[in-house]
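Below is one structure, written out as structure tokens; the observations come after it.
Below, read A as the first sequence line, B as the second, and so on, with proteins coming before strands; counting in each chain starts at 1. Computed from a predicted structure; not experimentally measured.
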2 protein chains.
Amino acid sequence: MMVDETLHGLVERRLREVSQRYTSGRKAVVEVLANAGHPLSIEDIGELAPRLPRSSAYRHLVDLQQCGVVRRVAANDDYYRFELAEDITEHHHHLMCTLCGKVIDVTPTPAFERAMANYLDDLSTSNGFASIDHRLDVLGACATCRQRKLAATAGCAG
Amino acid sequence: MMVDETLHGLVERRLREVSQRYTSGRKAVVEVLANAGHPLSIEDIGELAPRLPRSSAYRHLVDLQQCGVVRRVAANDDYYRFELAEDITEHHHHLMCTLCGKVIDVTPTPAFERAMANYLDDLSTSNGFASIDHRLDVLGACATCRQRKLAATAGCAG
DNA sequence: ATTGAACTGAGACTCAGTCTCAATGTAAGA
DNA sequence: TCTTACATTGAGACTGAGTCTCAGTTCAAT
């Protein structure tokens, strides 16, 4: 596992704050999420940590969400995904492929985040809404699916 | 119901394209969504159209999604919401109150949408991702909940 | 070593959402 | 108008992702 030790230290501290322990099961969940680098479904987690029972995995995810280590992501299909919280990784957006369901992380450009900050200010003044966080999901076709589609079309033509 | 007739005409056309009828049950769902002006949960729909059985409501929502009239929205709680598709209403973002769960629609400023368009172009060139649609959800506290919280704090202090 | 509290796995359970089926509505041709 | 073929409907059974329970285990602190 190529996860630097500060991650585990941070997670342990957050769990300790609510009198919880950083056990091997929870560590397994955190490592799997950290190594993936993109949101994982419960199915993904089950495959990457096969010794971890489903019920424990769910419970760990709940605990880790409650102490701010994990965030749940609603993808475009019927399954939630899970990722490390943004203050542990970094702020990012999601590209969601409507063909294969995959979720890809992207870091926004500074220019766009500046525009976003301005916009959130506008919202606060016009709607009295105090924004804490935002999430931007871009729906479309990933590079792999686009190529696959092109290949299929070429095959039909030939 | 203050829904202009073009909406119903449009929905009927879309259903007809897939050999389906615009029946009273489907019309009830569309009217409820149109009048609400913000995404509704199945519970909301049940309250606003009490004569409509749950199983029929779900089925209508599926049918209407398939012909592009309705869109499913993942809120911040455990329940999906439903709204009319953006090409029927207009492009908008969601303010999601993390305290009461309410979802509020907002129309983006032109400046922000310009920034968004540029950003999506960037993504397409840097990731090979062909974006079709995007959704921006802003999480925070709505005006009502903020006031309630202020009042509660004042009450404690006094 | 003892004790109290957190943790765990297995599997029962919940309930939002889907499916089935028998009955009904409806457009269109004879 | 009658018939026919097919879309629609309500009721309720069913599915399965996610939760809860419980009995046994591990841990940290004394």
Side-chain angles (χ1 to χ4, degrees), chain A residues 8 11-33 39-67 69-83 101 103, chain B residues 8 11-33 39-67 69-83 101 103:
Chain A
H8 292 310
V11 173
E12 178 151 30
R13 228 175 308 129
R14 295 214 181 160
L15 283 166
R16 278 275 152 75
E17 275 170 19
V18 288
S19 307
Q20 297 197 325
R21 303 179 198 138
Y22 193 29
T23 59
S24 63
R26 290 173 178 164
K27 201 163 180 172
V29 170
V30 168
E31 293 201 329
V32 157
L33 293 180
L40 296 182
S41 65
I42 192 72
E43 199 64 31
D44 297 333
I45 294 172
E47 280 167 21
L48 294 168
R51 318 294 299 277
L52 191 67
R54 212 39 80 96
S55 65
S56 296
Y58 274 119
R59 184 165 31 204
H60 294 328
L61 287 168
V62 169
D63 297 340
L64 291 168
Q65 279 177 86
Q66 276 172 351
C67 71
V69 169
V70 163
R71 191 173 68 153
R72 195 180 67 172
V73 177
N76 206 42
D77 54 23
D78 289 335
Y79 305 95
Y80 284 108
R81 319 276 158 128
F82 301 89
E83 65 181 10
V103 180
Chain B
H8 292 310
V11 174
E12 178 151 30
R13 227 174 309 128
R14 294 214 182 160
L15 283 166
R16 277 275 153 74
E17 276 169 18
V18 288
S19 306
Q20 298 196 324
R21 302 180 197 139
Y22 194 28
T23 60
S24 63
R26 289 172 179 164
K27 202 163 182 174
V29 170
V30 168
E31 293 200 330
V32 156
L33 293 179
L40 296 181
S41 65
I42 191 74
E43 199 64 32
D44 298 333
I45 294 171
E47 279 166 22
L48 294 167
R51 320 293 299 277
L52 191 67
R54 211 42 78 96
S55 64
S56 296
Y58 275 119
R59 184 165 32 206
H60 295 327
L61 287 169
V62 169
D63 296 339
L64 291 167
Q65 281 177 83
Q66 275 171 352
C67 71
V69 169
V70 163
R71 191 172 68 152
R72 195 180 67 172
V73 177
N76 206 42
D77 55 22
D78 289 334
Y79 305 95
Y80 285 107
R81 320 275 158 129
F82 301 89
E83 64 180 11
V103 180

What about R59(A): does its side chain form a donor-acceptor pair under 3.5 Å with the base of dG9(C)?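 Yes, the side chain and the base share a sub-3.5 Å donor-acceptor pair.
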
[options]: which one has an atom nearest the side-chain heavy atoms of [X]?
X      : options                 : answer
R26(B) : dT9(D), dA16(C), dC7(C) : dT9(D)
S55(A) : dA7(D), dT19(D), dT9(D) : dT19(D)
Y80(A) : dG18(D), dA6(C), dA7(D) : dG18(D)
R21(A) : dC7(C), dA7(D), dG18(D) : dC7(C)
P53(A) : dG9(C), dA6(C), dA7(D)  : dG9(C)

Euclidean distance, atom [atom1] of residue [X] to atom [atom2] of [N] [Å, nearest integer]:
X      : N       : atom1 : atom2 : result
L15(B) : dT9(D)  : CG    : P     : 10 Å
R81(B) : dG17(C) : CZ    : P     : 11 Å
F82(A) : dG18(D) : CZ    : P     : 6 Å
R16(A) : dA5(C)  : CZ    : C1'   : 13 Å
Q66(A) : dG18(D) : CD    : C1'   : 14 Å
R54(A) : dA10(C) : CZ    : P     : 13 Å
Y79(B) : dG18(D) : OH    : P     : 14 Å
R51(A) : dT8(C)  : CZ    : P     : 15 Å

Check this one for me: any side-chain N or O of Y58(B) less than 4.0 Å away from OP1 or OP2 of dG17(C)?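 Yes, within the criterion.
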
Ignoring backbone atoms, test whether H60(B) places a side-chain nitrogen or oxygen under 4.0 Å from the OP1 or OP2 oxygen of dT8(D).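 No.
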
Pair R81(B) + E43(B): basic N to acidic O under 4.0 Å: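 Here R81(B) does not pair with E43(B) in a salt bridge, since their nearest N and O are not under 4.0 Å apart.
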
I want to confirm an ordering. Mapping D78(A) and A57(A) to their closest nucleotides on DNA chain C, which one lands closer to the 5' end?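 Looking at the nearest nucleotide for each, A57(A) comes out on the 5' side.
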
5' precedence on DNA chain C between L52(A) and R72(B) (nearest-nucleotide basis):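 Comparing both residues, the 5'-ward one is L52(A).
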
Taking the six-membered ring for Trp, are Y80(A) and Y80(B) parallel (under 30°), tilted (30 to 60°) or perpendicular (over 60°)?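 Parallel.
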
Contact class for T23(B) vs. all strands (heavy atom < 4.0 Å): base, sugar-phosphate, or nothing?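 Contact class for T23(B): sugar-phosphate only.
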
For salt bridge (Lys or Arg N to Asp or Glu O under 4.0 Å), just list the numbers for E31(B) and K27(B), CA-CA rounded to whole Å, side-chain angles, deciding distance to a tenth of an Å, and then say yes or no. CA-CA 6 Å; E31(B) 293 200 330; K27(B) 202 163 182 174; 5.4 Å; no

Please say which of R14(A), Q20(A), R16(A) ends up in a side-chain contact (heavy atoms from CB on, under 4.5 Å) with V18(A).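 Among the candidates, only Q20(A) passes.
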
When you compare the side chain of V30(B) with that of Y22(B), does any pair of heavy atoms fall below 4.5 Å?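 Yes, at least one pair of side-chain atoms sits under 4.5 Å.
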
